[in-house]
**Q** 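To start, I am sharing the structure in question, which I have written as structure tokens.
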Amino acid sequence: MTTANLLMLIAIIIYLAGMIAIGWMYSKRTSNVGDFYLGGRKLGPLTTAMSAEASDMSSWLLLGLPGVAYISGIADAAWTAIGLAVGTYLNWLIVAKRIRAYTAHVNAITVPDFFSKRYHDKRNLLSCIAALVIIIFFVPYTASGFAACGKLFKSLFGLDYTAAMLLSAVVIVGYTVLGGFMAASMTDLIQSIVMTIALIVVFAFGISAAGGLGAVMENARALPGYLKLTQSYGIAGNAASPYGFLTIASTLAWGLGYFGMPHVLLRFMAIGDAQKLKLSRRVASVWVVISMAAAVMIGVVGNALSKVGAVESFTTSSEAETIIIRIADLIASHGWLAALVGGMILAGILAATMSTADSQLLAASSSVSQNLFRDFLHIRMSKRTEMVLARGSVVVISIIAAFIAADPNSSVFNIVSFAWAGFGAAFGPVVLLALFWRRSNQAGALAGMVAGGAMVFIWKYLVRPLGGAWNIYELLPAFIIACAVNVLVSLLTPAPGKAVTDEFDAVKAKY
């Protein structure tokens, strides 16, 4: 291991130790499952904003998005970013305040818990199905985060992949088990800052190493369709291909996913003062726009760096997703101080991965301990036993995810896009109709949730491979079908009872 690599590793170890310390600090303030899963609804506006976005962005912001821009130009990456930016703003604008009020009114501490209490589902069937959806989509998503950490350490330091992946998993599990939601939220705030610094440093250094902004743009303009929003660059044939209206609409549909993201919705539910959500919305929206724009441009800059030979050239998406790691390694070759900066950038990649993995673990754990064991199976437990089960669920789910993470070769962008579609289609329509449609009922919510989740699999593996007009992102058709099924079944079945509608009216009157 070179001196530069050793200094980078030291910087990362210091960062990881800091995350564990935060978990230990918040373990003293976590006395019940309400604190563990929702922080006692005491989150501040800045922490709410930045932890929501850090947990949302995950490693795809620093790996997936630059990789897509590097390999195929700005169209795919830019339309994805635009869809996500609009979705972020709308989610904060129309969902955040109402779901905070509704969940507080019915005393719900998880998203599945909200579904059951919203419709007075005494059998907790909604909660059970929602919990299964969370487990199905979050466990492999968490595994991809563990794998990303393992690949990072292996590629740069020559460490054994399995050992590096397991070490990263232990750190994430450690501070999550110790401090629960508040530890995850506070570490997410720190991680969002580290991610921001990493993006800025990599972007600025990359432009300089490529010969300036003029050289970067000259390289991009020389590649057919690379800078077009209506064309996509094909690296294999060095040619452009059309990026039509249907593909643009399909890509923009990424924004629909926000309405169903459990780890983002939990941040809305946890803020201490609902009146501060306006400030949180502004902070979150600005950060998302700036960070995604920087990530897309890093892919463009990275392509120029390959052109001048500063970093190797990549021909596949999975290889291109390492561009920011290669730039960090290049920075580290400029002396001991630069090596520490390079270590900080790699810590930013870890931060992006960890900030999502901890939130996913909490959401999946709450689904097991609260929604399956307590609500659906009606297993009565003391507060102490509930805490043991909550923490134990995090550990067990992490072990399963670690086994799944044995294959490090999958694309971060592709894994995230599939899980995003799953939550967006299964939960998004249910959340929106539960919050804003008085006539929606339990049967409609259940049918819509099942239809949305199932259609993601059907479209992804049976319809989309047909190609042509069928080759659109599975979230869009699945979301539309889930909405239609929810509304249709609600209208064809008995209206909700007076207690349900009175509760809806009481929450609505607070606005």
Side-chain angles (χ1 to χ4, degrees), residues 56-58 60-61 64-91 137 141 225-235 239-261 264 288-289 292-293 295-296 299 317-318 320-321 410-429 431-432 448 451-486:
D56 153 41
M57 286 301 166
S58 77
W60 81 272
L61 176 66
L65 202 57
V68 169
Y70 177 102
I71 209 79
S72 62
I74 69 167
D76 208 15
W79 286 117
T80 299
I82 291 169
L84 289 172
V86 173
T88 296
Y89 181 78
L90 291 177
N91 203 26
F137 287 107
Y141 198 169
Y226 196 87
L227 292 179
K228 302 289 186 181
L229 287 174
T230 56
Q231 291 182 323
S232 181
Y233 171 66
I235 196 168
S241 58
Y243 201 88
F245 174 78
L246 191 61
T247 307
I248 291 173
S250 167
T251 308
L252 286 173
W254 272 78
L256 295 173
Y258 275 108
F259 301 123
M261 292 298 121
V264 176
V288 162
V289 170
M292 288 194 296
V296 172
S317 295
S318 59
E321 287 177 352
S410 53
S411 167
V412 172
F413 192 87
N414 290 337
I415 293 175
V416 171
S417 70
F418 182 67
W420 192 265
F423 286 119
F427 287 167
V431 168
L432 291 173
M455 185 52 61
V456 168
F457 282 94
I458 293 170
W459 198 277
K460 171 76 173 180
Y461 295 107
L462 297 180
V463 179
R464 195 171 184 180
L466 297 175
W470 303 107
N471 185 26
I472 59 177
Y473 183 30
E474 53 271 17
L475 174 54
L476 182 58
F479 190 95
I480 294 171
I481 289 170
C483 283
V485 169
N486 195 327

**Q** Examine distances only and state if a side-chain atom of T251 and a backbone atom of T247 form a donor-acceptor pair shorter than 3.5 Å.
**A**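 Yes, the answer is positive, given that a donor and an acceptor are paired below the 3.5 Å cut-off.
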**Q** With rounding to the nearest 0.5 Å, note down the distance linking CD1 in I458 to CZ in R464.
**A**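 If we round to the nearest 0.5 Å, I458:CD1 and R464:CZ are 15.5 Å apart.
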**Q** For residues N91 and V264, determine if any side-chain heavy atom of one lies less than 4.5 Å from a side-chain heavy atom of the other.
**A**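 Of all side-chain heavy-atom pairs linking V264 with N91, at least one is under 4.5 Å.
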**Q** As an exercise, state the distance from CG of L475 to CZ of F423, rounded to the nearest 0.5 Å.
**A**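 Output value for this atom pair is 12.5 Å.
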**Q** Provide the closest heavy-atom pair for Y70 versus A320 in the form atom of the first, atom of the second, distance.
**A**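 Between these two residues, the closest heavy atoms are CD2-CB, 3.8 Å.
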**Q** I'd like to check F418 versus E474 (side-chain heavy atoms, cut-off strictly below 4.5 Å). Are they in contact?
**A**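 Result yes, sub-4.5 Å side-chain heavy-atom pair found.
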**Q** To check you understand the geometry: which heavy-atom pair defines the closest contact between A421 and Y473, and what is its length?
**A**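 Heavy atoms of A421 and Y473 come nearest at N-OH, 3.4 Å.
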**Q** Hey, what do you get for CG (L84) to CG (L252), rounding to the nearest 0.5 Å?
**A**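 Between L84 CG and L252 CG, I get 9.5 Å after rounding to 0.5 Å.
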**Q** Which value, rounded to the nearest 0.5 Å, describes the distance between M292 atom CE and I82 atom CD1?
**A**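 Reported value, rounded in 0.5 Å steps: 9.0 Å.
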**Q** Quick one: does any side-chain atom of Y258 pair with a main-chain N or O of A85 as donor and acceptor, under 3.5 Å?
**A**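 Here the side-chain-to-backbone pair does not exist.
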**Q** Of all the heavy-atom pairs spanning A253 and L476, show the shortest one and how long it is.
**A**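 Smallest heavy-atom distance, with atoms named: CB-CB, 3.8 Å.
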**Q** If you take all heavy atoms of A425 and A482, which pair is closest and at what distance?
**A**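 Nearest heavy atoms, A425 then A482: O-CB, 3.4 Å.
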**Q** Measuring centre to centre across the rings, with the benzene-like ring taken for any Trp, is F137 within less than 6.0 Å of F457?
**A**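 Here the rings of F457 and F137 have centres that are less than 6.0 Å from each other.
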**Q** State the OG1-CZ distance between T230 and F245, to the nearest 0.5 angstrom.
**A**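 Here the interatomic distance stands at 13.5 Å.
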**Q** I need the I472 CD1 to I248 CD1 distance, nearest 0.5 Å.
**A**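 So the CD1 of I472 and the CD1 of I248 are separated by 13.5 Å.
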**Q** Which heavy-atom pair separates M261 from G424 by the least distance, and what is that distance?
**A**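 Between these two residues, the closest heavy atoms are CE-N, 3.7 Å.
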**Q** Sub-3.5 Å donor-acceptor pair from the side chain of W79 to the main-chain atoms of L229, do we have one?
**A**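 Yes, the answer is positive, given that a donor and an acceptor are paired below the 3.5 Å cut-off.
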**Q** Where do S232 and Y243 come nearest, in terms of heavy atoms and distance?
**A**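 Nearest pair, atom of S232 first, then Y243: CB-CD1, 4.0 Å.
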